[in-house]
Structure formats: C-alpha cells, structure tokens
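This report concerns only the one structure given below.
Proteins get letters first, then strands, A, B, ... in listed order; numbering begins at 1 in each.
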There are 2 protein chains.
Amino acid sequence: MRPPSEPLAPTLSRTAQLAERLGRDIRDGKMRAGTRLPTEQELIARFRVSRTVVREAMASLRAEGLIVSRQGAGVFVADDTVSRPFRIVSDELRSLVEVENVLQLRLAVEVEAAAIAAERRSTADLRLIRGCLDRIDEAIARDEAAIKEDLAFHCAIAEATGNPYFERFMQFLGPVIIPRQTIRLGLETAAERRAYVGLVQSEHRRIYAAVRKGDRDEAQRCVRQHLEAARDRYRRLVASQSPFEEG
Amino acid sequence: MRPPSEPLAPTLSRTAQLAERLGRDIRDGKMRAGTRLPTEQELIARFRVSRTVVREAMASLRAEGLIVSRQGAGVFVADDTVSRPFRIVSDELRSLVEVENVLQLRLAVEVEAAAIAAERRSTADLRLIRGCLDRIDEAIARDEAAIKEDLAFHCAIAEATGNPYFERFMQFLGPVIIPRQTIRLGLETAAERRAYVGLVQSEHRRIYAAVRKGDRDEAQRCVRQHLEAARDRYRRLVASQSPFEEG
DNA sequence: AGGTTCAACTTGTCTTATAACATTGTGATA
DNA sequence: TATCACAATGTTATAAGACAAGTTGAACCT
C-alpha cells in the first residue's frame, strides 16, 4: 500500500550537496562576478567527488544562471546584473517552520497591499473583491473547501492596489501555498469544514469592510490578524495530524 | 584577468539543447505532473547523445524544479506546485511609475522585515548590521556612492529576521534596484553626493537603533520613512535630469 | 492466498579516454 | 622591433563502460 507521493529521500545527492555549497558561496558574494571557479580537477580533489558529480553540479548552477562556462577557458561567476528569479521550491516546504516562513513573507506583502488598496481602490475593485466573497460563500454552500476562491480574494486585494507587482507576487505565491491549504480537506466532518471556512470568511469580510471604508490602518490590522490566525490554525492542524500525513 | 565579455557562443551545447527541448515539453504541458520521463538509455538512443549529456540536462531541469528523480524508479515531471518563478525584468523598469511600484513592493517586505528583526535579532545580527553601517561610512569617506554597501545593510536587516525568505527576496531585489541607484552618480559634485549619502546614512542609523532597541513599531516607522524618502529623492532626481538620461 | 526472494531495471557515482576550444609563449619572418 | 604562425598546455564538452544503490514486479514457496 504505497502512497503515490514520493517520500523524498532525506539524504541529498552529492551533486545536490555540491551545487548547494557552491551556489551559496556565489550568492553570498564570496566570489565576485567574473571570477573564475576552480577547475573540475581541483573541485574533484577538494571535495573528493567524481567528475560526474562536479559536472552535474555545474549544470545545475548554470541552469540557475549563477555561472557561465566557456569551453577551454573555464567556468566563471555570472554577471550579477542579470536579475535572478525569485523562486520557492516546494521541496523546501517540508517542515512546518518553512511553511511559516513563507507565510510570514506573504503577510508582509499582504498587509501593505491591504493598506494601499484601502487608499486607492476603485469601485470596480470593490465590486471584484465583493464578487470573490460571494464565490466563497457559494463554495461554502456547496460544502467545498473554497481553496481557490480564497486565493482569488487575496489576489483581488492585491489587484486593488493598482500596483501590478503586488498582484504578480500573490499569483506567484498561490501555487506555493495552495498545496498546504489542502489540509482543510483533512477536516473530519463537513460541518467542521464548514465552521472552519465560515470563520475564515468572517475575517475576509472585515478586511473587505476596511478596504471599502478606506481605513488604511484597519485594513492592515485585519489582514495581519487574518494571516496570523491562518498560521495558528495551520499549526494546530499539523499538530493534530500524524506527522506522516503532513504536507 | 580578462574583462568578462563573453560573446555568448552561437552554438548551444548538446546539454543545453536537450534541456531546452525537454524543458519546453514539460512547460507546455505535454507531460502531466507525475508522468515518468523516458529512461536515460531511451533518451540516449532517441537523441543520439551520451549519458553525460542526458544526465547534465536532467541536472538542469532538476535545478529548475521541473523534474524530480528517484534512484531506481525513474525521473518524473514535478507537480506544478513548483510555481513559475517571480521575476522582474529590468526592461520593465523604464518608467518612473514602474520603479516606484517595485519600490513599493520592496517597502512592504522591508517594513515587516524590520519589525521581525527588532523582535528576533541576535547580537551577532546586530554586529553584522553595525558592520554594514561602518562600511557605508568608509565608502562615504572615500567619496563613493556606497551603492553596494547600502544594499548590504538592507540585506543584513532581512537576514536578522531569521527567515531566509526575507533575505532571499532582498538579494533578489538587489540587482533590480541597484541600476536605478546609479543615479546617485549623476550628482554633480562630490560634496553634493556626500550630503546625499550622509542623509541616507542618518536614516540607516535610526533603523539600526530601533532594531537594537527591539522596538518593533519604531523600526517599521523608520524603514517606511527611509524608503519613502528614497522614493521622493528618486523622483526629484529624475525630474531634475534630462529625461534621456533617466535610468 | 499471502508473504518472500530474486532478477531485471533505473538512477547515482566513479573512472578513463578523446574531442573541441582557449590561452600563452616561442620563434620565424618581415 | 613588431607581428604573425603555431605548437604546447590546460580546460571544458562529450563519450563509453563499470559498479553501487535503490525500486519494482514477477516468480516462487509455504
């Protein structure tokens, strides 16, 4: 009886370890842009690994844009003016702490987004946000977990800032946090789930009211309270479930 | 040492070609999440390349989070929970509005980061931040613009949160905002630049003091004031310069 | 039927060899 | 002297083969 999800072996491959190590050195700025990395042979000798491992680690770093290699000349630290993408790999989120860290970053962005939205929201924005609330209500009526509708609400707030980067950031974060939300599905009874989502929805309504009122500080307080409550709920649910079932 | 002006070889390596090909297939959704990729031997036969090339291409895709491999079982398309990376292309930032939008997102993250840092900073963190301030002072003494040192200070605050995502976000934002900072160099006289950077530095000191005190709200206020002042300074400088010179 | 063992398969790592390319120094030549 | 051709050397790119470690499923036994 094997769950189709791979348990992701706790031991990192040598390739991954070496890539991690070298990547950190570069990111930390220990090697300036244009600096030549040690040759393959030197890395083989220094880290006691095979050439395969060295080359695959290099391939990883090259894919990340951290290095460029020139046949015959060597491997060089890439020019740091090329903006490296911000990326959150879901493999990183196996521990509760990591999930909370991401949620904390999300809170930072959403708290400010709500404040800006309260200042700048148009009536069209309000209508959109209101529509999201309605769709959550409908999902609740259908006894669903309303996970996507929930995210849509938060994205609508971000959109109301008029700053596309807030919206893009929330949409970027969506796929990262949604899998964690499936924990809602673990709630035993439909009534329980209903109560859970209903509580969340009441918090959403307070946020909406503050944004509509144009009350900057109130909007910030509500979002902070909402996301901290979400964090606490997540903690409790993880604690109550078997650690083996944890997402 | 040679200036790192790589002409970017027109011929892509076989590894790059294969990674490109497979990566596109996955991104286009031709293979659903969880699907098993062909085995190394099959890829070797199909594309007439060596195992080295196949494995390095796989290493690239793994680094991008597109695939996960399990020793003995095979290589699988990663579930789409690995979000598309968040990326800000410098080309987007040609208008003042765009720069301000990015700065606003940065402000959101930094304001919260300062608050968390005020709560959690260790003495080691404080020492690091303090060191950043000193390096800025030294740069000022050398009549430099202290652009990198400035960024390092902000990254140090983010690092003091203990939340690696804040630090990563700031490091991600660094290359995006640094080119805009070169406007500092446009200041006419050294004395002018000195006054500019000195003003910035006094704001940095207030942030540092608040974090050291552990005053959450004060830290937030100082960072917000600092970044809003930075925005205003940027506006004025852009306005005073010829639009053709605008970064 | 249920559990065990084992053989085949797959990825991870190591090793060696060769090709392609870059860099540098040497020396011939004008 | 200055410049170009070219060989020597070092580096990455690619190939090929071997073994280790892990997975899977089917044959086998009780």
Applying a 4.0 Å non-hydrogen cut-off, can you work out what B:Ser69 is touching in the nucleic acid: base, sugar-phosphate, or nothing? sugar-phosphate
Closest of D:dA15, C:dG12, C:dA20 to the A:Gln71 side chain is C:dA20
Could you check whether A:Arg14 gets within reach of a base, just the sugar-phosphate, or nothing at all, counting any heavy atom under 4.0 Å?
sugar-phosphate
B:Ile67 atom CD1 is separated from C:dT10 atom C1', nearest whole Å, by 14 Å
Rounded to whole Å, CD of B:Glu40 lies from C1' of D:dG17 at a distance of 14 Å
Residues passing the side-chain contact (heavy atoms from CB on, under 4.5 Å) test with B:Cys132, sequence neighbours excluded, are B:Arg135, B:Ala152, B:Phe153, B:Ala156
Atom CZ of A:Phe76 and atom C1' of D:dT11 are separated, to the nearest Å, by 10 Å
B:Arg36 has its side chain closest, among D:dA13, C:dT10, C:dT13, to C:dT10
(message) How about CZ on A:Arg142, more than 12 heavy atoms from neighbouring residues, nucleotides or ligands closer than 6.0 Å, or not?
(response) yes
Comparing B:Pro38 with A:Thr52, nearest DNA chain C nucleotide closer to 5' gives the residue B:Pro38
Taken to the nearest whole Å, CD1/A:Ile44 to P/D:dA13 is 13 Å
Here the distance between atom P of C:dT11 and atom CZ of B:Arg62, to the nearest Å, is 11 Å
### Message
Should the side chain of B:Ser13 and the base of D:dA13 be counted as holding a donor-acceptor pair, with the cut-off at 3.5 Å?
### Response
no
Comparing nearest nucleotides in DNA chain C, the 5'-proximal residue of the pair B:Gln41, A:Val49 is B:Gln41
In whole angstroms, the gap separating P of C:dG12 from CG of A:Leu18 amounts to 15 Å
Atom CZ of B:Arg55 and atom P of D:dA18 are separated, to the nearest Å, by 18 Å
**OP:** Record whether the side chain of A:Arg51 comes under 3.5 Å of the base of D:dT12 through a donor-acceptor pair of N or O atoms.
**Re:** no
- Are a donor atom and an acceptor atom from the side chains of A:Arg62 and A:Ser69 found within less than 3.5 Å of each other? yes
Per atom distances to the A:Ala73 side chain, the nearest of D:dT12, C:dA22, D:dT14 is C:dA22
Rounded to whole Å, the CE-C1' distance (B:Met58 to C:dG12) equals 13 Å
Quick note, B:Val53 side chain, CB onward, closest among D:dA15, C:dT13, D:dT24 is D:dA15
Ring centres of B:Phe86 and A:Phe86 under 6.0 Å apart? no
Hey, does the side chain of A:Ser50 come within less than 4.0 Å of C:dT13's phosphate (OP1/OP2), counting only N and O? no
query: What do you reckon, are the aromatic ring centroids of B:Phe169 and A:Phe169 less than 6.0 Å apart?
result: yes
### Message
Taking CZ in A:Arg32 as the centre, count heavy atoms belonging to other residues, nucleotides or ligands within less than 6.0 Å. Is the count above 12?
### Response
no
(message) Would you say A:Arg70 places a side-chain N or O within less than 4.0 Å of OP1 or OP2 belonging to D:dT11?
(response) no
Is the phosphate of D:dG10, meaning OP1 or OP2, less than 4.0 Å from a side-chain N or O of A:Thr39? no
